[in-house]
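Take a look at the structure set out below.
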Amino acid sequence: MKKERIYLCLAHMSGREMEFIKEAFDTNWVVPMGPNVTAFEHDLEAFVNKREDKAPLDKKVVCLSAGTAAVHLALIACGVKPGDEVLVQSFTFCASSHPITYLGATPVFIDSERESWNMDPELLEAAIKDRIEKTGKKPKAIIPVALYGMPYQIDKIMEIANRYEIPVIEDGAEGFGSMYNGQALGTFGEYGVLSFNGNKMITTSGGGALICPDEDKAREILWYATQARESYPYYQHEAIGYNYRMSNICAGIGRGQMTVVDEHIAHHKRVQALYCELLKDVKGISMHQNPGPEYDSNFWLCAATLDSELKIKGQENAYNAVVTGAVGGAAGVTHAVSTAVTDCQPNANVEALRVALDAANVEARPLWKPMHKQPVYRNAPAYTNGVSEELFATGICLPAGPYVTEDDVRYIVDVIKNNIE
């Protein structure tokens, strides 16, 4: 019997979601505001403000339509304008950098360090010095990213940021529930970005939130997110705003998801531990793990790297044909391309393993392609050390979502082992 498709990470409902959604319909709150939105924000505040062995924080949360919207509004709140520069991690999804360009600013890409795979603090400081020398002014913000849930070296990044007085916007879209030294990602910098897309740790189907430093900043973000309407009995606009508020229906889903968030995080960690155990004696495959005791990743996705010498069955046929079907998982998109290869792509053995897993009904993906190697950013400044390009060439993401059982993990590992020559 054919194995049912195993996806990387799909949402898992708690059973409470329909209760909150029905309440929204029953009370006619089917708009981008309402009791579910307010309650979800309070739930999120309670979750992110907790700290191990320390007094809780007092951050405020504003729920929005997407994590991308959260990045956009955080940049606006940090005063980013046309002609400015923003330092952003290169090894990430495009939602970390695209909002910079929405504002007419320039992303300046910073490569990764090898331990966490996230923003390299040494390169960050070198870039700050060089941009000041070249442009005569400081970058307006710094955006580190919690790649696949792994915490960045936030202590070093914050020390540098504070010394140069540059605000930090933490992109924790993949890191909801991840901690560094017992404190939630997204609560160290000026702002913290969360995502509740359908493949994240918890979901609102689509949606996001921005962690703000205080009530005044949260009100400013809320104002921008609701078309920047002034407090008159008619529509008065003195600044450009956006339609970025989360709907009351989506927030109801989020409230239900918050009842199982701890279970979801624990599940991802168990799946990661099982991959590590089952693959520990497989030569040529290494799982990405917490670099030290201060790191506590949610392991949103479980990532592995393949030695370039590792031989996978069929790798001589990798990239021989242009992809013609939908890509990107269950909700993938298709855009016709003329060639099967680019100047920066995963090694043939990585692609061969992805194809083998796909044939076994297992979704796997390459790591994020570094932004400084994306054609759309070919002219953007970049401070690189080769780490993210090396990881992209050798890395693969394995399923980790709530629907992935321990038997599924064993099946996936067996497929991997059976395809090693």
Side-chain angles (χ1 to χ4, degrees), residues 6-17 40-54 56-57 59 61 63 67 70 93 116-118 145-152 154 170-188 192-205 207-209 211 251 253-277 287-304 397-406 408-409:
I6 302 172
Y7 291 102
L8 274 173
C9 190
L10 286 180
H12 187 279
M13 298 297 105
S14 70
R16 297 285 311 275
E17 287 83 2
F40 186 35
E41 287 171 340
H42 290 163
D43 289 346
L44 291 168
E45 287 168 358
F47 186 82
V48 302
N49 281 320
K50 292 182 296 186
R51 292 194 294 179
E52 294 176 2
D53 304 321
K54 294 180 182 178
L57 299 168
K59 302 280 186 172
V61 174
C63 285
F93 180 55
S116 75
W117 298 4
N118 293 317
V145 181
L147 196 75
Y148 306 122
M150 183 62 68
Y152 23 76
I154 191 62
E170 296 179 69
D171 187 342
E174 300 171 9
F176 186 60
S178 296
M179 311 277 280
Y180 188 86
N181 276 331
Q183 183 171 325
L185 296 190
T187 63
F188 293 86
V193 172
L194 303 177
S195 173
F196 309 121
N197 193 18
N199 64 356
K200 292 301 190 293
M201 190 61 64
I202 65 168
T203 186
T204 57
S205 78
I211 304 171
I253 300 173
R255 290 181 70 187
Q257 290 277 282
M258 287 300 291
T259 66
V260 293
V261 62
D262 290 330
E263 295 173 30
H264 284 194
I265 294 168
H267 172 84
H268 281 249
K269 291 180 178 180
R270 284 196 302 272
V271 167
Q272 161 74 11
L274 186 55
Y275 276 125
C276 290
E277 175 65 25
M287 294 298 298
H288 187 38
Q289 302 184 54
N290 285 317
E294 66 272 35
Y295 294 82
D296 184 8
S297 175
N298 64 11
F299 292 109
W300 170 59
L301 291 184
C302 297
C397 293
L398 301 173
Y403 282 108
V404 178
T405 67
E406 292 190 0
D408 288 335
V409 175

Taking every non-hydrogen atom, the tightest pair across [X] and [Y]:
| X | Y | result |
| --- | --- | --- |
| Leu57 | Val48 | CD1-O, 4.5 Å |
| Ala146 | Gly175 | CB-CA, 4.2 Å |
| Met179 | Lys50 | CE-O, 4.4 Å |
| Lys59 | Thr187 | CE-O, 3.1 Å |

Measure centre to centre between the rings of Phe299 and Tyr275, then say whether the value is under 6.0 Å.
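No.
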Gap between atom [atom2] of [Y] and atom [atom1] of [X] - 0.5 Å precision:
| X | Y | atom1 | atom2 | answer |
| --- | --- | --- | --- | --- |
| Asp296 | Met150 | CG | CE | 9.5 Å |
| Met287 | Leu274 | CE | CG | 10.0 Å |
| Lys200 | Cys9 | NZ | SG | 8.5 Å |
| Thr405 | Asp408 | OG1 | CG | 3.0 Å |
| Thr203 | Leu10 | OG1 | CG | 9.5 Å |
| Gln257 | Thr204 | CD | OG1 | 8.5 Å |

Is there a side-chain contact between His12 and Val260 in this structure, where contact means two heavy atoms from C-beta onward sitting under 4.5 Å apart?
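SC-SC contact between His12 and Val260 ruled out.
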Would you call Leu44 and Phe196 a side-chain contact if the rule is heavy atoms closer than 4.5 Å?
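A side-chain contact under 4.5 Å exists here.
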[Y] backbone acceptor or donor facing [X] side chain under 3.5 Å:
| X | Y | value |
| --- | --- | --- |
| Ser297 | Asn290 | no |
| Ser178 | Gly149 | yes |
| Glu17 | Gly15 | yes |
| Gln272 | Asn298 | no |
| His267 | Gly401 | yes |
| Gln183 | Arg51 | no |
| His288 | Ala303 | no |
| Glu170 | Gly186 | yes |
| Trp300 | His268 | no |

Describe, in one word, how the ring planes of Tyr180 and Phe188 are oriented to each other, choosing from parallel (under 30°), tilted (30 to 60°) and perpendicular (over 60°).
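Answer is perpendicular, since the angle exceeds 60°.
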Option passing side-chain contact (heavy atoms from CB on, under 4.5 Å) with Ile211 (candidates Asn49, Val193, Val61)
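Result for side-chain contact (heavy atoms from CB on, under 4.5 Å) with Ile211: Val61.
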